[in-house]
Number of protein chains: 2
Amino acid sequence: MAGKSNYHHGDLRQELLTEAQVVIAEKGVEGLSMRGLADRLEVSRTAPYHHFKDKNELLCAIAEDGFRRWQVTLNSFLNQTPESIEVWFESFARAYLDFATESAEHYDLMFGRPIWKQGKPTESLKQLSYDAFQSYVDFVHQCQHQGLISEDQSSLRLAQVSWGTLHGLCRFINDGIYLDRDSVKDMCKSSVKLFTACE
Amino acid sequence: MAGKSNYHHGDLRQELLTEAQVVIAEKGVEGLSMRGLADRLEVSRTAPYHHFKDKNELLCAIAEDGFRRWQVTLNSFLNQTPESIEVWFESFARAYLDFATESAEHYDLMFGRPIWKQGKPTESLKQLSYDAFQSYVDFVHQCQHQGLISEDQSSLRLAQVSWGTLHGLCRFINDGIYLDRDSVKDMCKSSVKLFTACE
DNA sequence: GGATGTATGTTGACGGTGTCAAGATATAGC
DNA sequence: GCTATATCTTGACACCGTCAACATACATCC
């Protein structure tokens, strides 16, 4: 028959990942189904299971991509030696909120319940996310050493709380609670003021 | 037959609400199904649909209960006239984190995607949540008037960012990302320091 | 080059979900 | 007592994740 050459798809694993990201960007995590994904790639329902143990592993792989993408942006900030912590943190906060709101569905997947609570995060995913946070903690610590931030709080706590603030704002925005995107700039400035006022 | 008297259940609507809260506390939102709930109450699958238009309306009703419960705690803080904003905010932050972590699944439902993004929040739910936030904003504004907090930032922004911080930390904890419950106290103190250092 | 093993694809099936439509039954109002 | 209405039931449909069994293509070794 004519179609015998495409019995094997070739690079199904990669196509699953990229197509899944398209679906997620369109309809969110809840809009992604293994069957639907297989349909879009014109493949039988269970074909994806030869490349991912289950749906959770697919989601984790996608989240990993997100962390890798974020780490690039993050590194560009960490490699700077900031003269003013206010300026640095303001642009960092902006970058964070931009990433979270522009790839909203991807961000929600990276930090969302489906993976972290309902499912189980892959070891590699845990590693990637931990690395991202740890490098941020290190950066804060380094800034403290340079006298840019006061040392009366542990760098871990500072990192946790400041990241927590950004995360909380992003969740409010992404989930459509209270906040509108237009106030993002203002909120960045506000959090900068708060976090840098005490140094 | 013997069972003819219990054809009508009596107060099914209320029993659905309370039983649903039990399930959610046990297994989280994702563990709650309309059919399973009906089973637990020994009622046919579609009986609940005579009391709630769909699952979303059930979830909203439960979330409403949560906001009413939280508003009680909130009011007890808002009715105080704080002498020291540091002390007030620290105990407030503690109360917030306690509420969010002790009724973790309920909190996640109140602020989670299933209602706010995937589903559509009921008008009454939107009102309740908006009221809770607005009363917090008013309180901040009042504190500014009394000179307890500096006025160089709008009360709205201050409220948004501080609530956002608490929310972000709660999400990290509840979703099982990075943070352990033991550091909760410390994080409270840290955020207090940050938010009160600039007044 | 033909046999064999492995990776990858397929169909069929099971139990789960939300929810609509149509019918049954109990209560409430006239 | 009749009728309207609220409530509950069964049946059905279209999804979903995933397991088991089978089919096909490719890779390897003799």
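All chains are named by letter (A, B, ...) in the order of the sequence lines, taking the proteins before the strands, and each is independently numbered beginning at 1. Just so we're clear, the structure is a prediction, and the values are computed from it rather than from any experiment.
- In the model, E64(A) has a side-chain atom that pairs as donor or acceptor with a side-chain atom of S124(A) under 3.5 Å.
- Comparing dG9(C), dT19(C), dG17(D) by their nearest atom to the side chain of L12(A) picks out dG9(C).
- Between the CG atom of L32(B) and the C1' atom of dG18(C) there is a distance of 12 Å, given to the nearest Å.
- Each of D54(B) and A47(A) lies near DNA chain C, and the nucleotide nearest A47(A) is the one positioned closer to the 5' end.
- A donor-acceptor contact under 3.5 Å is not formed by the side chain of R13(B) with the base of dT7(D).
- In summary, the aromatic rings of Y96(A) and W70(A) are positioned with their centroids under 6.0 Å apart.
- Judged by distance alone with a 3.5 Å cut-off, a donor-acceptor contact links the side chain of R35(B) to the base of dG18(C).
- Counted by atom type alone, Q71(A) and D131(A) present zero donor-acceptor pairs between their side chains at under 3.5 Å.
- E105(B) and R113(A) are joined by a salt bridge, as a carboxylate oxygen and a charged side-chain nitrogen come within less than 4.0 angstrom of each other.
- We find that CD of E30(B) is positioned 18 Å from P of dC16(D), with the value rounded to whole Å.
- Residue side chain R45(A) reaches the base of dG12(C) through a donor-acceptor N/O pair under 3.5 Å, judged by distance alone.
- Residues K53(A) and G36(A) both approach DNA chain D. Their nearest nucleotides, taken by heavy-atom distance, put G36(A) toward the 5′ side.
- The distance from atom OH of Y49(A) to atom P of dC16(D) is 11 Å, rounded to the nearest whole Å.
- Separating the CG atom of D39(A) from the P atom of dA14(D) is a distance of 15 Å, rounded to the nearest angstrom.
- Atom NZ of K55(B) and atom P of dC20(C) are 14 Å apart (whole Å).
- Dashed line: the shortest gap from a side-chain N or O of T46(A) to OP1 or OP2 of dT18(D) is not under 4.0 Å.
- Residue S44(B) is in base contact, counting any heavy-atom pair closer than 4.0 Å across all strands shown.
- Look at H51(A) and you won't find any side-chain N or O under 4.0 angstrom from OP1 or OP2 of dA7(C).
- The distance between atom CZ of F52(B) and atom C1' of dG18(C), rounded to the nearest whole Å, is 16 Å.
- Regarding Q118(B), its CD atom lies at a distance of 13 Å from the C1' atom of dC16(D), rounded to whole Å.
- Atom NE2 of H50(B) is separated from atom P of dA6(D) by 11 Å (rounded to the nearest Å).
- Between W116(B) and F111(B), the ring center distance fails the sub-6.0 Å criterion.
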